[in-house]
2 protein chains.
Amino acid sequence: MPYRYDYPHPAVAVDIVVFTIDDADLKVLLIRRRGPPFAGGWALPGGFVGIDESLKRAAWRELREETGVSAGILEQLHTFGHPQRDPRERVISVAYLAPVPADRLRPEPASDAREARLFSVSDLPLLAFDHAKILRLARERLRQKLEKSVLPLELMGASFTLTELQRACELILGVTLDKRNFHKKVHIMDVIEATGEEWREGQHRPAKLYRVKSRRDLTDR
Amino acid sequence: MPYRYDYPHPAVAVDIVVFTIDDADLKVLLIRRRGPPFAGGWALPGGFVGIDESLKRAAWRELREETGVSAGILEQLHTFGHPQRDPRERVISVAYLAPVPADRLRPEPASDAREARLFSVSDLPLLAFDHAKILRLARERLRQKLEKSVLPLELMGASFTLTELQRACELILGVTLDKRNFHKKVHIMDVIEATGEEWREGQHRPAKLYRVKSRRDLTDR
DNA sequence: GCAAAAGTGTTTGAGGTACACCCATGC
DNA sequence: GCATGGGTGTACCTCAAACACTTTTGC
């Protein structure tokens with residue numbers, strides 16, 4: 001028992017909400033817990049912060065270790081500190097939001113012998129701890145960002161069609177948008193550019209492909 | 001040395017940014033540190049979270065203990081966890097934002113033998129730890145809330161004039177606003193009501209006094 | 001009567017919303 | 001040639017911004 005303090009210290013963890021768009025649905029990455037508490041149950045990926053590790057770095061590492069996913073953007077969401085949120089000991093958890101394009105999840109949970117899976121946000125299992133609460137707040141935040149007219153470019157792959165981008169917005173906002181107004185707005189924003197390529201699929205006119213003009217850093221403080 | 005853990009635990013603290021409007025200026029409440037580190041320097045009020053205490057409750061208690069101020073609203077701002085932000089040990093700090101009407105600060109720092117003072121945000125001393133960073137983020141957040149057209153009603157006293165409310169907005173946003181547009185907008189929002197009283201001051205027409213219609217809870221999660 | 005802040009409407013421009021048809025492709 | 005989604009323009013309406021004069025008071 002080597003670590004001793006004059007007064008009690010809580011444990012500090014991070015939990016990561018990975019959102020992606022897959023199969024025309026907004027999905028979250030969850031892991032199955034192996035040990036107690038909530039053994040066998042589903043939970044957000046996460047874990048304890050190393051004593052010399054920044055919070056963001058801990059989030060990045062834990063996500064990587066538990067799911068094999070390397071997050072591009074990690075945005076701090078909220079810190080959850082209810083005294084009884086973990087039955088083992090006092091655990092304060094800093095939650096992070098990580099929008100990841102589906103194509104970065106593909107070779108996916110082939111990592112740490114942990115079962116990881118995408119779940120549609122409209123068909124979630126029971127979650128361990130207060131993770132349902134964390135997820136609810138994460139969805140809210142995602143929506144709020146869109147309402148500030150920030151496009152969910154972090155969720156898009158290397159190239160995408162305007163219809164795909166529109167679907168992403170619709171899934172997050174939970175409404176349907178007008179195609180012409182959407183195209184107009186996106187072009188005025190001037191944040192994406194045509195790649196010149198086209199995407200052929202099905203028996204209809206091919207769609208132009210676009211890419212993000214300059215990926216911006218959503219830095220953490 | 002009674003508190004032992006299998007692996008190292010960081011300390012968890014809260015810091016509170018109390019904003020108020022006083023003397024036609026946006027001010028922050030700071031305390032003078034008595035012990036090391038940064039002894040004699042100015043810092044945000046704050047302290048360590050009790051092992052069975054929620055984060056918000058800790059923020060409320062510490063603010064009360066150190067400055068005598070009972071915060072009405074405490075909104076979680078951000079969690080700061082840089083490994084070297086405290087020279088003593090690893091300290092993760094959850095920062096809170098507390099807008100307080102000036103009239104609740106009056107009998108003020110007559111509490112814990114600690115020196116506490118309001119500083120204008122445009123004339124700040126050097127701050128201990130990373131508190132300057134926390135304060136910068138707090139001002140930004142305050143501004144963002146106003147831009148989402150949320151009036152800073154938490155900063156107003158029990159009754160106030162429309163001009164006072166407008167000055168508060170102007171101080172936070174750092175711009176001057178048009179009086180007629182402001183009056184119109186506020187009345188459309190329908191969140192304040194005339195008390196029927198008037199405020200006489202100086203050799204000019206008296207101003208109508210208003211009060212908040214229903215104080216809303218900005219609850220923490 | 002004069003200084004000083006309170007109060008009060010209208011016009012204009014920008015941006016958002018509603019809405020329908022032709023185009024390119026695969027079968 | 002037909003079914004399928006891709007792409008495009010205009011009219012209207014709502015909201016935000018600009019802007020100046022009268023009112024009430026203390027001295």
Side-chain angles (χ1 to χ4, degrees), chain A residues 21-25 143-152 156-157 159-211, chain B residues 21-25 143-152 156-157 159-211:
Chain A
I21 306 249
D22 177 54
D23 194 21
D25 216 349
R143 216 176 299 131
Q144 281 169 6
K145 286 177 69 176
L146 250 190
E147 277 160 6
K148 284 183 226 155
S149 67
V150 178
L151 290 171
M156 307 311 295
S159 70
F160 50 88
T161 68
L162 282 181
T163 303
E164 281 166 359
L165 183 58
Q166 187 180 336
R167 290 276 171 280
C169 293
E170 289 174 340
L171 286 169
I172 294 166
L173 293 173
V175 297
T176 60
L177 303 172
D178 180 84
K179 207 198 319 185
R180 282 167 295 186
N181 293 338
F182 185 79
H183 283 214
K184 196 196 313 171
K185 193 167 150 190
V186 167
H187 283 124
I188 287 169
M189 282 190 197
D190 194 37
V191 288
I192 65 172
E193 58 191 359
T195 63
E197 312 272 301
E198 289 189 331
W199 180 253
R200 309 180 120 74
E201 183 196 37
Q203 50 197 29
H204 56 83
R205 180 173 173 176
K208 290 181 194 154
L209 283 171
Y210 292 83
R211 73 170 80 90
Chain B
I21 306 249
D22 176 54
D23 194 21
D25 216 350
R143 218 177 296 131
Q144 281 169 8
K145 286 178 69 176
L146 249 190
E147 278 160 4
K148 285 183 225 153
S149 67
V150 177
L151 290 171
M156 308 311 295
S159 71
F160 50 89
T161 68
L162 282 180
T163 303
E164 281 166 0
L165 183 58
Q166 186 180 338
R167 290 279 171 277
C169 292
E170 289 174 340
L171 285 169
I172 294 166
L173 293 173
V175 298
T176 61
L177 302 172
D178 179 85
K179 207 199 316 187
R180 281 168 293 187
N181 292 338
F182 186 79
H183 282 214
K184 195 195 312 167
K185 194 167 149 187
V186 167
H187 282 124
I188 287 169
M189 282 188 195
D190 193 36
V191 288
I192 65 172
E193 58 191 1
T195 64
E197 312 272 301
E198 289 189 333
W199 181 252
R200 308 179 121 73
E201 183 196 37
Q203 51 197 30
H204 57 80
R205 179 172 174 177
K208 290 182 194 154
L209 283 170
Y210 292 84
R211 72 170 80 90

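First the proteins, then the strands, lettered A, B, ... as listed; each starts at 1.
A donor-acceptor contact under 3.5 Å links the side chain of B/Lys179 to the base of C/dG7. A donor N or O paired with an acceptor N or O is not found under 3.5 Å between the base of C/dT17 and the side-chain atoms of A/Lys185.
In this structure, A/Arg205 and A/His187 both approach DNA chain D, and ranking their closest nucleotides by distance from the 5' end singles out A/Arg205. Mapping A/Pro206 and A/Asn181 onto DNA chain C by nearest heavy atom places A/Asn181 closer to the 5' end of the strand.
B/Glu164 has its CD atom 13 Å from the C1' atom of C/dA5, to the nearest Å. In this entry the distance linking CG of A/Asp178 with P of D/dC12 reads 17 Å, nearest Å. For the pair B/Arg200 CZ and C/dA5 C1', the computed distance is 14 Å after rounding to whole Å. The separation between B/Leu209 atom CG and C/dA6 atom P is 12 Å, rounded to whole Å. The CD-P distance, from B/Glu201 to C/dA4, rounds to 14 Å in whole Å. Counting to the nearest Å, the P atom of C/dA6 and the CG atom of B/Leu177 are 14 Å from each other. Spacing between atom CD of A/Gln203 and atom C1' of D/dC2 amounts to 9 Å, rounded to whole angstrom units. With rounding to whole Å, A/Lys184 atom NZ is found 14 Å from C/dA20 atom C1'.
For the pair A/Thr161/A/Glu164, a side-chain contact is recorded, criterion being any heavy-atom separation below 4.5 Å from C-beta on. Under the 4.5 Å side-chain criterion, counting only non-hydrogen atoms from C-beta, A/Lys145 is not in contact with A/Arg143.
Rounding to the nearest 0.5 Å places OG1 of A/Thr176 at 8.5 Å from CD of A/Gln166.
Listed pair B/Lys208 / D/dT24 fails the phosphate criterion, with no side-chain N or O lying under 4.0 Å from OP1 or OP2. A close approach under 4.0 Å does not occur between any side-chain nitrogen or oxygen of B/Arg180 and OP1 or OP2 of C/dG7.
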For a salt bridge (charged side-chain N to carboxylate O under 4.0 Å, His left out) check, start with the C-alpha distance between A/Arg211 and A/Glu193, then their side-chain angles and the critical distance, and finish with the verdict. CA-CA 6 Å; A/Arg211 73 170 80 90; A/Glu193 58 191 359; 3.1 Å; yes
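When distances run from any side-chain atom of A/His183 to the nucleotides D/dG7, C/dC27, C/dA6, the shortest one goes to D/dG7.
Ion pairing between A/Glu170 and A/Arg167 holds under the 4.0 Å rule for side-chain N and carboxylate O.
The residue A/Thr163 sits close only to the backbone: its heavy atoms come under 4.0 Å of sugar-phosphate atoms, none of a base.
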